Amino acid sequence: MARVLPSSLTPHICIIPSPDLEDLLQSSSLPSLPHILQSFSPLPQVTTRTTALTTVPHACFALRFSDLAEIEAACREDEEQRATRTIDWIGDRISKRCTKWVDDFEKIHDRDIARTPWWDELRRCAEGDHVPARDEGWNHPMSIILAVSTTAPNPLQAITALHSRTLDFPSWVDVTHLIFTLIIHPKDSPLSDEEAGALFNAVKKQYGLHTYLLSLELSSPPPPPVSIPALVPRLPPSTILNGSVDGARPDPKTAQTVPLNTLRMSEQDISQTARFTREFVTMNLVPWMEKCVIEWNEAYSSSRRLPSRLFTSTRRLFGTSSSPSQAPAHSSSSSTSSLPTRSHTHSVPQSSSTLPPPPSQQRRLAEFATILGDFKLAVSVWESLRKEGKGGSDILPLLIAPSPAVQLHVSHALNTLHPQSIELPSHAQLRALLYAVRWESTLTISDFLSNTLEGERWLVWAAGNAEEPPAALLLAHAALLSVRKDARRRAALWYFFAANRLEKCGIKPLTMYFLRRAHELSISRPERPLSPSFWISENKQPSDFQGFDAVMSGIEHPLGRLLYTTGDVSGAIRYFLGLLRWSSASSSPLAQLSNHTVDITKDPDNSDKVFLEDFQVAISHLKSIYGEQARLEDLKLPLRFVVPSQTCVRLARDSVDGEQSEWETREEIWSSFWKSRGKERLEQSGKAAVGEAFWVDITLRNPLDTEVTLANPTVIIESSSGDAAWIRDNVVIETAEDTVLYAKESRIISIAIKSSKPASLAITGVAYDFLGLLPTVEPLARRGRRLQETAQQRQTVTYAPDVLLKLDVEEASQELAVAFVDDGQLVLAEGECKRMKLWMSNAGSRDIGEVWVVPGAEDQIWIEPLDSASVSATSMKWKTWQSDNMIVPPTPYGIPLAEKLVAAKSTEVTVVFHAGRKGKQDLSLLFVYREAQGSPFHCTRVTRSYEVVQCLQISTASHPSHSRDHSFSLSLDLANISSSSYVEINQVTTMSASWSCSPLAELESEPLRPSQSARISFGATSTGDCTSVNAVSAFVSRKLSNVLHGQAIEPDSPPPLELLCGHVSQTFAYEPFVAHFIMDARRIAVSHTLAQSHPRIPASSYPSIFPLYNPLSVDFVIFWRIPSEQRSGHILVSEITLGASHAALREVLEGVESARVKRSMYAETQREKAETLQAIRDSEWNAEMNPIVVNVKDGLVVEHDFSKGVCKAPVEFAIRNHSLSHPSRFIIRLDPRQHSSSTLLPAPYCGRMTFRGLLEPLQSTSVLAQLCATHPGTYSLSGWRLETEVGEPGTDNGSWQVRHRYEQSAPSDDSSSIVISDISQP
Amino acid sequence: MSHHLFLLSPSDTPIYSLTHYSTKLPQPTSSSLSSNLPTWSTSAFAGTLTALSGASNATQSHHVQGGSVRMGGGQDRHVIQMIANASLDVIEDVMRKESAMYLKSVDKFNEWTVSAFITPGNMKFILLHETKNDDGIRSFFHDVWELYLKFHTAHSPIRSIVFDTRVRASAKKYL
């Protein structure tokens, strides 16, 4: 069974009807003869024979009939012009019908399987081309039927006239055709049947056997129409030519009177005509064709025989350029018996050499063989044609089995069509289309789409770069086929290309359909077989997929524009709005990428500006049409301008100075203080009052590349106390003015809100009109934190409910107004105690029964009690002072109220403020108050800024005392550095746990003038009791050991301490707050030092690790007064630590170091540990020094009479152990050579030169050495060396264990000496 | 002559893109088919909407954007991206059949030839190029792969300046 060939590859038969026949058909309401005969094609069951005489059955054998005059006229038309006209005609046909097609097609469920009407139309139009072409022979008439009817006045003459008619074909039309005579004999003919038979015989005798007498009924009332297959659409003749050949053409009106695709013929006539058609094919046409094929094949194979082939190849090898003599001239061989003579029917032009020749005989052979189904012969002839470059590549894919070679044939066929020029000529386009259509319709769809052939690409190649509807439809069909192959992304691309080309031709419905298909295909994503962990690994959802952003915008933008131009404005708006989603916002990964690199490919038309403008135009248009009724509710802006995380509420009261963090610290101090006392909570201070405006500060950020106007921005508020109507009535929300955000700009706008009733408000969103056109609401909610509590929550990502911006508006029922009475500029001297009055008034409606004040951690204040007279300045002197030795965290102070502060009542409270470190600062006081016990606390804030200037410069010094009475001598240097003030020093108090200090002189009664300085000296003596020292030291060692071992720090307090106080002035009267401030100042000083030296130990654990006082420290408190400025105050100096200590933490540190080292995997942790260890090693608790101090009695003058002999003078070395806890052994060796001075003489010792001794803690001893001078002079006493061994105290068995060893000699600048003068000299 | 590189994650999310303009002369012998294929231009879809629809709105003050400078055939950003996206169909087909990492000239669209490189981690590197340069592209892909290995990000776009600079340098060297 031969493959069914496309109809364009079937025999083309031209008919010349005689005028009488035309009249006859018209009178019988029948269309023209070609039309009637076409209805009988294709014929079923036709058998042909190959050259090898094998029969080939054809299931259907198609024929094409046309009017000869029409073909002749069409051949005269310029080929290019005709092609252009064809393309326009196709475009026109599609354009007219596509609206209905698209509407119908959209309703079909599986659109990817169905045949598209536009492709069918395109195919039929392409196949319907029946005009002979120059380069192929398919449309060249294969047979010419001369048709007459017996109604003619003289039928024989009519036949003769037709036979003598000259064919008006150009030279390139092949004239090898079968002439056939058809005599139609209607029933109502003037000729009887016998006469008709005689006519038939006469004609047969004269014109050969190719004659047929067709007897028809043609009843006068036409029978009911019979439906026939639809005719292939044909290009209407050009109007210019139409005029010239008008007479030869059937009246088009005739065809119009007949209903579409019907024929009004009786049953008998139909069977008669069918019989004729069949006989024509089987008895005349096919045998004639077979005969031609056999003859031509003979010629072809003879040319293929060896000698001629040799000749050909030789010619090829030697490059003879002359054209070879091909097979015998086609025209001569074609003059077979069937054709009387060529010259008879055809006007052969005289200069045939200059005119284009008809298709070669070889080509005709190939075509005939193809039609007859002799594919073996056909393929070989096509192959040889192809090798000679004469075509054939286009037909071969239809005949040979699918293989990769087919694709090459296809591409070759298209390549020979497409010249290198950019603009494709119309005829090439048309030819490519025809090829594509033939391939698509002939090959089975499975073969066509197979991976070997990839037929859908052929269509794309055939489309080329032509921008005509056929090319667009080729692409669209390729896209459809790609969808069937499941190459959806490629299909989307081709649909898009198709739409783009079609749009240029103005066929909008189909363009939109293609764009929609492209859009649908781009949205649907192929299933990706990825592991779920792939998504989990980056904490993303599979739905978070973001593809190529420009793909979607590239499709959506033209689609939106087309919708707009076709009147679907709201649809267009939707697309334009959607486009903004792919703008430069963070949603598009590639857009993000292009931020830092200059993406040159970024299409300027794709920028947000264009999208935004289109949107604006469209929505303005919509509004102008529908006015306010325009339905915009379902339009959602895909952009976000509001940054919820940076949006906050600002209250009027928040505008009080001071850092927010400062206030938060105070609130923390309060809450930690109150935690142990009760459960009443501190109402947040961030509450708005009724009738008082507050503001929402909204941060807006423009993600677009272009300027955007947000009109009428305002906030949306929900209230727990009422619905929207309630809010409308009671809350006034301001609407800000239009905001213009420039490209990528960020801005904060404030919107004021005022509530006239107490309410709990939630600010849920921000509303604005996008570009002043689209009302938009953006939520202000922030996503809650990720929940991790349960296993379920950890496995699947869950978030806490959204966080909304909330604010309570309360009735100002309880409000304390606090202010400083004197609010002027405040300049304080360092250490000054300033009384300040605060005015408190109940601004609310309810009573206030309890007020606390919370200062900062470094603010030293004291609240004066109500009966301040009872605790007036006292001259009481403390001998000792019990300290719990704890670094107490700062606590709030209760403000004593004489009675409840009822509404509108006010009171005053006096606060004494002790100025601390110098510089400009703020005194920020948080006042916490409530009505009565059990009710919650409220708070208010007061700030006052002040400046502290230094007026006294204080320095201290301490050194081991030379005197026997004191272990150490201390000196306090005071200098008045103020510019004009006279400073009186009234009192100096010393405080220490282990040392009792006594002044060595009285205080000066004169004030210190500017730039004057004074020195006050003290002698410090140990109390001798070192239990407290040991207890505190043990406590610290234990705690630090815990710290070093990373153990928990129990919250126990250090052992209490008794401080000894020394007073210089015995008459000084102390203010009642002094003790409080001294403790506070000490706490602040210690906290500062600790924070600096132990940054790795959290400050909250200081109270349970370190004591407030080191027992060895000595504090001075200097009380001063500036009478002229009425200032007084005191300064605490706590920088002296006396006495030797002996690495109390040595064991602990050794233990930590020798412990098995657990290395942390983090270098950071390791480094932190090392830092902690080093800080502890360097701390005062681990101090270590030589406890032994040697003093030589210096400056002794001995008078001696050297005439009596050498002078022996005693030299006393006083040796003192300054350790409070450890005994020491010492060896002092006198070695005069060691003396350091060059001007002094070395001391000539005699007698014992080495002294040994043991000194208990704080014990001192002296050794006497003998100086033996032979002549007078000044002898240096610095020539000694001391070796010390510090022993462990209190060993049970009295054995001596050395803790430290030291060696020392006199310092190099030691100039102690003894002078021996000679009195023997006069 | 330009090249367009895209790095796609296993989920086909583009995480890096580069446009490189080669200064090298194109090789004279390019595939006859690709040279015959047409160039692409989208001039029809340009112009303001107002002009397009013919609607005359007197209040419109939009200046005409339509006459914007064309980048030349086939240079439109969205067309480039569509071609890269469409080539994924063929790349996935080929991936199923072959195990090679470098898929040279795997697909062709208009003047663009698509070459691809599939890493063992299923990352796809796609290069759109106009001329044949198999060895150069192979070396370039290997360079990019080596650079990419230092990043190992499967989802988040690569924003490293170092990466960008090095890829550009490699493109300059090989393309």
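Letters A, B, ... mirror the listed sequences (proteins, then strands); counts begin at 1. Computed from heavy atoms alone, side chains included, the values below leave out hydrogens, waters and symmetry copies. All values derive from a computational prediction rather than experimental measurement.
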Asker: Pick one of side chain, backbone, both or neither for A:Asn451, based on which atoms fall under 4.5 Å of a heavy atom in chain B.
Answerer: side chain
Asker: For A:Arg490 and B:Ala86, which heavy atoms make the closest approach, and how far apart are they?
Answerer: CA-CB, 3.6 Å
Asker: Within the supplied structure, the quantity of interest is the number of heavy atoms (other residues, nucleotides, ligands) at a distance under 6.0 Å from A:Lys485 NZ; does it exceed 12?
Answerer: yes
Asker: Tell me, for B:Ile83 versus chain A, whether the close heavy atoms (under 4.5 Å) come from the side chain, the backbone, both or neither.
Answerer: both
Asker: Could you walk me through whether B:His78 and A:Phe548 pass the side chain to side chain contact (heavy atoms under 4.5 Å, CB included) test, one step at a time?
Answerer: CA-CA 8 Å; B:His78 61 275; A:Phe548 290 95; over 6 Å; no
Asker: Quick one: CE on B:Met82 to CD1 on A:Ile555, what's the gap to the nearest 0.5 Å?
Answerer: 4.0 Å
Asker: Rounded at 0.5 Å granularity, tell me how far CD in B:Glu92 sits from CZ in A:Arg489.
Answerer: 4.0 Å
Asker: When rounded to the nearest 0.5 angstrom, what distance separates CH2 in A:Trp461 from NZ in B:Lys108?
Answerer: 8.5 Å
Asker: Take A:Phe497 and B:Phe109, measure what ring-ring contact (aromatic ring centres under 6.0 Å, His included) needs, and give me the verdict at the end.
Answerer: CA-CA 11 Å; A:Phe497 282 5; B:Phe109 292 92; 7.6 Å; no
Asker: Could you tell me which portion of A:Arg457 (side chain, backbone, both or neither) has an atom closer than 4.5 angstrom to a non-hydrogen atom of chain B?
Answerer: side chain
Asker: Which pair of heavy atoms, one from A:Asp486 and one from B:Asp89, lies closest together, and at what distance?
Answerer: O-OD1, 4.3 Å
Asker: Sort A:Ala492 into side chain, backbone, both or neither according to what part of it lies under 4.5 angstrom from a heavy atom of chain B.
Answerer: neither
